[in-house]
Amino acid sequence: MIRSVITGCAGHLPERVLTNAELADMVDTSDEWITARTGIKQRHIAAEGETTSDLAVGAARKAMDAAGVDASDIDLIIVATATPDHTFPATATTVQSRLGVRKGAAFDIQAVCSGFIYGLATADNFLKAGQFRRALLIGAETFSRILDWDDRTTCVLFGDGAGAVVLEGQQGAGGNGDRGVLTTHIHADGRHHDLLYVDGGPSKTQTVGHLRMSGKEVFRHAVTNLSAVIHEALDATGMQPGDIDWVVPHQANKRILDGTARKFGLDAAKVVVTVDQHGNTSAASVPLALSAAVADGRIRRGDVLLLEAMGGGFTWGSALVRW
Ligand code: UT7
């Protein structure tokens, strides 16, 4: 069978760093509160005029270099984002044009913080079906543009950034020993729209709007849904928690990461954590964390990775990947 093997990955962050101390000058908060409740110490914020596609292109170029491919090798581009440059066309088509890719398909996926997992499932199925051969999957966000900077319950949590992977269809034996994506699982439950949403949009308000979240409720659902979808990935492959070398989770809150690891009896040292440095970058957080752990040599060829995320919608998902 064909397996979708990740042949390169990279992240790209805006230069500007916004610290907790600076936020404490803007709203009624403190470094102590943010650190204790979330684990976040700082986040990156896009410069004026710096767009989601700018960050996406930055990550994509580095991921393509890492994979040793050029524009003529890519035939599918997926950008997972909830903060596109424009209502339409898809940010993926802007990325396609700027990278000089001239064939295949390019489209956006909107599953908010689960966008990268949704994109991975989508790309994997296209590659396994043989419809495309090399996919560029990017999670890219400029959440700073949809934050209410007067709302301390949300503005301290999010940041901007992008992460990208190149996926290539390669022949595998069909077992857990194969390199590449071993299994993906994605879910949605639209009944929870009001717990995490943006209060604007082209059709409803003709405005961009601001992010609104009932944090405590989202936290509760995140712990339950992530646990269920991790079990699902393990059941589908017959793997055990002990087979996982690295957990590469969506980075919303250090407490969620710790709690999930504890639930599966996983050593906290096996969980890749970037939320302290990046905050919650929505669809960019999983590929940014992946890139960080690949770049510093923690993730090595043959390692089994568990990717998972949960976000607005609600949407959630997981994947097992052998590096
Ligand atoms: O990426 C998509 C998925 N998103 C998530 O998974 C996020 C899930 N939720 C969370 O991570 C947490 O619920 C938060 C970090 C958002 C909030 O933490 P919490 O422990 O649930 O705090 P809380 O909302 O219950 O607020 C506790 C107190 C409140 O004050 P009172 O009512 O107890 O007097 C808040 O008003 O903390 C107050 N508070 C703050 N204080 C200082 C809320 N935000 C802040 C703040 N600084 N920034």
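Ligands are counted one by one from 1 in listed order, and the atoms in each one are counted from 1 as well. Just so you know, these numbers come straight off a predicted model, no measurement behind them.
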Of all residues at least two apart in sequence or in a different chain, which pass the side chain to side chain donor-acceptor pair (under 3.5 Å) check with S318? none
Sorted by chain and residue number, the residues with a non-hydrogen atom under 4.0 Å of ligand 1 are D28, T29, W33, R37, T38, C113, R152, T153, V156, L157, L196, M213, G215, K216, V218, F219, H250, A252, N253, R255, I256, N280, M310
Salt-bridged, K204 to D199, with N to O below 4.0 Å? no
Might you confirm whether atom CD of E15 has over 12 heavy atoms from other residues, nucleotides or ligands at distances under 6.0 Å? no
Just to verify, what does R300 make a salt bridge (charged side-chain N to carboxylate O under 4.0 Å, His left out) with, not counting sequence neighbours? none
With side chain to side chain contact (heavy atoms under 4.5 Å, CB included) as the test, pick out the partner of I244 among D303, V271, L234, D267. L234
Please output the side-chain donor-acceptor pairs of residues 214-224 that fall under 3.5 Å, not counting sequence neighbours, one pair per line with the distance.
unit_1 : atom_1 : unit_2 : atom_2 : d
E217   : OE1    : R220   : NH2    : 3.0
T224   : OG1    : R220   : O      : 3.1

